[in-house]
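For reference, the structure is listed below as structure tokens.
Convention: sequence-line order gives letters A, B, ...; per-chain numbering from 1. Bear in mind the structure is a predicted one, so any value in this text is a computation, not a measurement. Basis for what follows: all heavy atoms, side chains included, without hydrogens, waters or symmetry-related copies.
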Amino acid sequence: MTSLYALVDCNSFYCSCERVFNPALNHRPVVVLSNNDGCVIARTNEAKELGIPMGEPYFKIRNLVESGQVHAFSSNYELYGDMSDRVMETLARFTPNIEVYSIDESFLDLGDFYGRDIFEYASEIKRTVGKWTGIPVSIGVAPTKALAKVANKLAKKSRKANGVLVLTNPYHLQKALEATKIEDVWGIGGQYARFLRKRGINTAYDFTQLSENWVRQHMTVVGVRLLKELRGESCLELEEVTPPKKGICTSRSFGKKVNSFDELQEATASYAAKCARKLRQQKSCANLITVFAHTNSFSENEPQYYGSKTIALPVATSSDIELIHYADIALKAIYRDGYWYKKSGVIVTGIIPEDNIQLGLLDTVDREKHARLMGVIDGMTDRFGRGKVKVATQGLDNSWQLRSDYLSPCYTTRIGEIQTVYVR
DNA sequence: TCTGGGGTCCTAGGACCC
DNA sequence: TCTGGGGTCCTAGGACCC
């Protein structure tokens, strides 16, 4: 039985989401910006053709936007998350064996479909997703996940493929590997690409000709796995159930420069609460909390500071109130007067299932009461949206928050505004 | 003036134990 | 030249992903 994987990848996903609700933007250059409208994180083909690179700082393309040549959106993750769910639900109609790999990509195990007309089946998947969600996708099919990635990339690039490429024939596989630049291989980043190019390894095909020992020596077992995958030996299985996260991080750059402790405190409390909610959503608790804050490293003329502090919690928790409390202690330990802070964040680690908590002997927290309160907060957040119910430390003003000047409405999830409610 | 955010895995080296 | 040997656990750092 031969393995067969499809990689379904949404084209310019964030931009495509915006286009679904703005069809006039079809065939026009569109970009989506990162938080704070900092840099470009998604581009349509038309925007790529204008020479806008990935990660380009916004100020460098501002004139293109202001002169109307490019349409820019602030990122709207609520919208993209909801559209992603729709795409993934559609894909799940075609096979139960699906791994949601990222917000815009899924692997499908098509092993059971061997011998059928795979190209026609993949084409039908592409048509159906387009019809039901409005999102264009590209599909690559091959015997391993790494080769499906190769196929997907070519499916996107080649006009002839028109968005669907099946690579099962050995001759076609070799041609595809020869046509794939080493830096375009899944798992080869900038460092390894430079290292390999220096040694004359310029394509994915060159890489497959290396010896296992050499690859292990220079690229660890991760490299060996990739080598085997590209040679057609499947080593990476489909991960159908998402394992709980081992670390959860909430951090942001500020929309403006911040130097007061109070503003940093409000931001940190909000990040701690966000981490707590993410923990509850995956039914976990954390044993450790880290708070960091730093200045803008791009401002070379300003004094620089990076502070970080980790605190071991007495008992693992997912409570807003507790995490905000310890985040505050950590922040007080690292805060230094006289710096312009640009970014701060909260990371929770030492994550365990919530039904596996070791209670402390000296524990004085009423955990049941906390759990009930958090349940109420989560319920209200689900109904009324983020930030409508919160612990008072998170603040009322929030002038430190994100800048997003070009935000589209949350077309799919917004249910109307209500007054913010505070919990003390 | 303006440069994202959130994850994963692997390895090496130190602490500690018997 | 030669310092016991062999585990485990933890952390920091480096690579990668979208």
Side-chain angles (χ1 to χ4, degrees), chain A residues 7-14 31-43 52-63 65-66 72 74-77 80-81 84 99-107 145-146 149 152-153 182-196 215-226 235-236 239 242-257 271 274-275 278 282 287-288 290 292 294-302 308 310 312 340 342-351 402-406:
Chain A
L7 175 64
V8 183
D9 186 320
C10 302
N11 301 345
S12 312
F13 180 55
Y14 297 169
V31 299
V32 170
L33 305 172
S34 64
N35 285 324
N36 286 316
D37 299 337
C39 56
V40 173
I41 54 170
R43 311 160 293 160
I52 300 174
M54 189 69 168
E56 181 82 333
Y58 174 59
F59 65 87
K60 292 193 181 170
I61 61 156
R62 172 169 293 148
N63 43 10
V65 174
E66 285 173 354
S74 303
S75 39
N76 183 344
Y77 291 105
Y80 310 149
S84 172
E99 170 185 342
V100 177
Y101 177 70
S102 74
I103 195 166
D104 68 338
E105 281 177 53
S106 270
F107 286 103
K145 285 167 112 180
K149 276 270 186 186
N152 185 284
K153 205 146 233 172
I182 190 66
E183 59 270 25
D184 290 341
V185 173
W186 186 41
I188 305 285
Q191 297 298 316
Y192 283 140
R194 221 166 307 134
F195 174 81
L196 291 166
V215 172
R216 188 189 318 277
Q217 196 185 332
H218 294 101
M219 301 174 68
T220 81
V221 298
V222 181
V224 175
R225 215 148 49 204
L226 177 61
C235 305
L236 301 168
E239 287 178 26
T242 332
K245 292 185 187 359
K246 297 169 178 177
I248 291 172
C249 174
T250 306
S251 73
R252 294 284 181 281
S253 297
F254 303 124
K256 58 165 197 160
K257 290 202 289 185
Y271 305 152
K274 187 67 176 276
C275 286
K278 291 180 191 168
Q282 67 162 30
N287 276 299
L288 297 163
T290 302
F292 66 87
H294 59 82
T295 48
N296 187 353
S297 56
F298 287 101
S299 310
E300 288 172 7
N301 299 323
E302 284 176 25
S308 146
T310 300
W340 287 105
K342 177 61 182 167
K343 182 174 179 178
S344 73
V346 172
I347 307 164
V348 289
T349 47
I351 291 176
L402 293 179
R403 191 172 55 223
S404 40
D405 293 339
Y406 312 103

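The side chain of A/Asn296 has B/dT3 as its nearest neighbour among C/dC18, B/dT3, B/dG5. The nucleotide whose nearest atom lies closest to any side-chain atom of A/Lys246 is, among B/dT8, B/dG5, B/dG6, B/dT8.
Using a 4.0 Å cut-off between a side-chain N of Lys or Arg and a carboxylate O of Asp or Glu, A/Lys257 and A/Glu302 qualify as a salt bridge. A salt bridge links A/Glu99 with A/Lys145; the closest basic N to acidic carboxylate O contact falls under 4.0 Å.
Using a 4.0 Å heavy-atom cutoff across all strands shown, A/Lys245 reaches sugar-phosphate atoms only and no base atom. As judged by a 4.0 angstrom heavy-atom cut-off over every strand, A/Ile248 is placed among residues touching the sugar-phosphate backbone only. Residue A/Phe298 is in base contact, counting any heavy-atom pair closer than 4.0 Å across all strands shown. Residue-level contact check: A/Gly55 touches neither bases nor backbone, having no heavy atom under 4.0 Å from any strand.
Comparing the C1' positions of C/dC18 and B/dC2 gives an interatomic distance of 24 Å, to the nearest angstrom.
In this structure, A/His218 and A/Phe195 have tilted ring planes: the angle between them lies in the 30° to 60° band. Classified by interplanar angle (parallel below 30°, tilted 30° to 60°, perpendicular above 60°), the ring pair A/Tyr14/A/Tyr80 is parallel.
A search for salt bridge (Lys or Arg N to Asp or Glu O under 4.0 Å) contacts involving A/Lys153 returns nothing, not counting sequence neighbours.
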message: Expected output check: what is the dot-bracket annotation of DNA chain C, where ( ) and [ ] are pairs inside the strand (brackets for crossing ones), | is paired with another strand, and pairs are Watson-Crick or G-U under 3.5 Å?
response: ....||||||||||||||

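Between A/Ser253 and B/dG5 there is a side-chain polar atom (N or O) within less than 4.0 angstrom of OP1 or OP2. The phosphate of B/dC9 has neither OP1 nor OP2 within less than 4.0 Å of any side-chain N or O from A/Arg225. Put simply, A/Lys256 has no side-chain N or O that comes within less than 4.0 Å of OP1 or OP2 on B/dC2. Residue A/Lys342 places at least one side-chain N or O closer than 4.0 Å to OP1 or OP2 of B/dT3.
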message: Return a single string for nucleotides 10-17 of chain C, one symbol per nucleotide in 5' to 3' order, where B is base contact, S is sugar-phosphate-only contact and - is none, cutoff 4.0 angstrom on heavy atoms.
response: -----SSS

